J.: 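I have a structure here, written as structure tokens, and I will follow up with some questions on it.
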Amino acid sequence: MGKVVLVTGVARQLGGRFVRRILREPDVDRVIGVDAVAPERGLGGADFVRADIRHPAIAKVLAEQGVDTVVHMDVNGTPLGKRGSRATVKETNVIGTMQLLGACQKTPSVKRLVVKSSTNVYGSAPRDPAIFTETTPPKSLPSGGFAKDVVEVEGYVRAFARRRPDVAVCVLRFANILGPQADSPLAEYFSLPVLPTVLGFDPRLQFVHEKDVIEVLRIAAGEPRRSTFNSGTFNIAGDGVLLLSQAARRLGRPTLPFFLPTVTWVGSALRSVGVTDFSPEQIRLLTHGRVVGTTEMRERLGFEPRYTTAGAFADYASSRGPGLLPPDTLARTVDRIAAALPAGHGQN
């Protein structure tokens, strides 16, 4: 018999797409998709089980289905559609992960666990290293928002790995996920008609395309290929970086700089209009940026993204339509203003 794979968070487009992809793997016999709400789009030949991973009943699903591979994708920074809240997302991220891992611990058939995490675990601080590796400790631990959620999630995963050393555990720390259907916090931010920024800062950002997310999850969920090892923790990001100013210009969206003390108030205003994770940690990212190394991803995991950071952003931007100003016009305007300023004015 082939593998029996359970995937959480399948009501979201990314989870549903992964289910439909993993079904095509020759060594996969069955796929069970789990979520608290039914997906809007079908899951191909996968079975759907309506279950809330925050409740102990998830243990019954694992045991009854004989699951040997668990892909935990229900770790997110935004609610599903407009039906949830930040509090519900946090409960699913943290309490849901606790319950799921407890269920995995009690289920002898489980032999592989893949967890969708985030480079948010590194935080964003003024004295951060130029590049974070998987073993670089953060200068300051995130204190709230999605970033704090993933720190807690990874702590529970490490504890599970100690209790079940027979289970192969793979944690994928994704950079900001972008693409035509992305629903990440940064995708929400870039969809604003005007982008609030922090005066005097132009952070470096990295992105990973949603198609690359699906592919690396597939690699992590399968048996390791020759000369690769798909257990452990891996940073996942496209090559290169983009400055926030470059991203805004490529979108054709003007920026609105604020002094740093004012940005917290701006975040509250944005949350009132539906941008759900403009938390202090998100503001720090848009102030100091974050760049991670991907050597382990290539050399140990054996994964090469199809999209660079710039390529992932371009595909996202093309799906959003033009901004308030045509990109070429906006770029020329910004360049003229920059050229008219005294040398060194406004630089960090």
Side-chain angles (χ1 to χ4, degrees), residues 77-79 86 118-120 123-124 126 144-147 175-210 237-238 240-291 308-338 341 345-348:
T78 55
R86 169 62 200 149
S118 168
T119 57
N120 280 278
S124 294
F146 178 54
N176 301 285
I177 299 172
L178 284 185
Q181 300 179 65
D183 61 357
S184 62
L186 212 58
E188 282 193 340
Y189 167 76
F190 282 129
S191 69
L192 296 170
V194 178
L195 304 180
T197 60
V198 181
L199 186 64
F201 292 88
D202 196 7
R204 298 177 304 154
L205 303 173
Q206 276 178 315
F207 308 116
V208 58
H209 196 282
E210 54 197 1
V241 300
L242 274 182
L243 297 176
L244 179 56
S245 60
Q246 292 175 314
R249 288 164 62 174
R250 293 178 190 197
L251 280 170
R253 284 176 168 77
T255 58
L256 188 58
F258 291 90
F259 287 106
L260 187 56
T262 313
V263 179
T264 301
W265 175 84
V266 174
S268 300
L270 287 173
R271 285 193 294 274
S272 71
V273 298
V275 179
T276 53
D277 192 49
F278 210 82
S279 63
E281 272 58 48
Q282 190 76 352
I283 293 168
R284 290 189 185 102
L285 173 66
L286 296 174
T287 305
H288 307 296
R290 182 191 310 117
V291 178
T308 63
T309 282
F313 188 82
D315 198 36
Y316 165 82
S318 67
S319 70
R320 301 291 158 159
L324 292 182
L325 296 173
D328 292 343
T329 303
L330 181 62
R332 285 195 299 271
T333 302
V334 173
D335 287 342
R336 287 195 195 104
I337 294 172
L341 293 173
H345 183 81
Q347 298 297 312
N348 296 312

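This is a predicted model, so every value here is computed, not measured.
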J.: Minimum heavy-atom separation for S124 to R290, with atom names?
T.: OG-NH2, 3.3 Å
J.: Quick check: closest heavy atoms across P180 and R320, and the distance to 0.1 Å?
T.: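 So the minimum-distance heavy-atom pair works out to O-NH2, 3.6 Å.
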J.: List the steps, then state whether side-chain contact (heavy atoms from CB on, under 4.5 Å) holds for L186 with Q282.
T.: CA-CA 8 Å; L186 212 58; Q282 190 76 352; 3.4 Å; yes
J.: What residues form a salt bridge (charged side-chain N to carboxylate O under 4.0 Å, His left out) with D183, not counting sequence neighbours?
T.: R12
J.: List the atom of P193, the atom of P254, and the distance in Å for their closest heavy-atom pair.
T.: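 Smallest heavy-atom distance, with atoms named: O-CD, 3.7 Å.
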J.: Taking the side chain as every heavy atom from C-beta outward, state whether E281 and N120 have any pair of such atoms under 4.5 Å apart.
T.: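 The answer is no, as the side chains (C-beta and beyond) never meet within the 4.5 Å cut-off.
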J.: Between L251 and F313, is the side-chain contact (heavy atoms from CB on, under 4.5 Å) condition met? List the steps.
T.: CA-CA 9 Å; L251 280 170; F313 188 82; 3.5 Å; yes
J.: Counting distance only, does the side-chain N/O of R253 pair as donor-acceptor with the main-chain N or O of L192 below 3.5 Å?
T.: yes
J.: For Y189 versus P196, what's the shortest heavy-atom pair and its separation?
T.: OH-O, 2.7 Å
J.: Within a strict 4.5 Å, meaning less than it, do heavy atoms of the L244 and L205 side chains meet?
T.: yes
J.: Given 3.5 Å as the limit, does a donor-acceptor pair link the side chain of D202 with the main chain of L243, or not?
T.: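 Judged by distance alone, no pair lies under 3.5 Å.
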J.: Which atom pair, heavy atoms only, marks the closest approach of L242 to A310?
T.: CD1-CA, 4.3 Å
J.: Would S184 and N176 count as a side chain to side chain donor-acceptor pair (under 3.5 Å) if you check the C-alpha gap in whole Å, the side-chain angles of each, and the deciding distance to 0.1 Å?
T.: CA-CA 7 Å; S184 62; N176 301 285; over 6 Å; no
J.: Report the C-alpha separation of Q206 and T119 in whole Å, then their side-chain angles, then the decisive distance to 0.1 Å, and conclude whether the side-chain contact (heavy atoms from CB on, under 4.5 Å) test is met.
T.: CA-CA 10 Å; Q206 276 178 315; T119 57; 5.9 Å; no
J.: H288 vs F201, test: side-chain contact (heavy atoms from CB on, under 4.5 Å). Steps then yes/no.
T.: CA-CA 7 Å; H288 307 296; F201 292 88; 4.2 Å; yes
J.: Is the ring centre of F207 less than 6.0 Å from the ring centre of Y316?
T.: no
J.: Working to the nearest 0.5 Å, report the span between OG1 of T197 and CD1 of I283.
T.: 12.0 Å
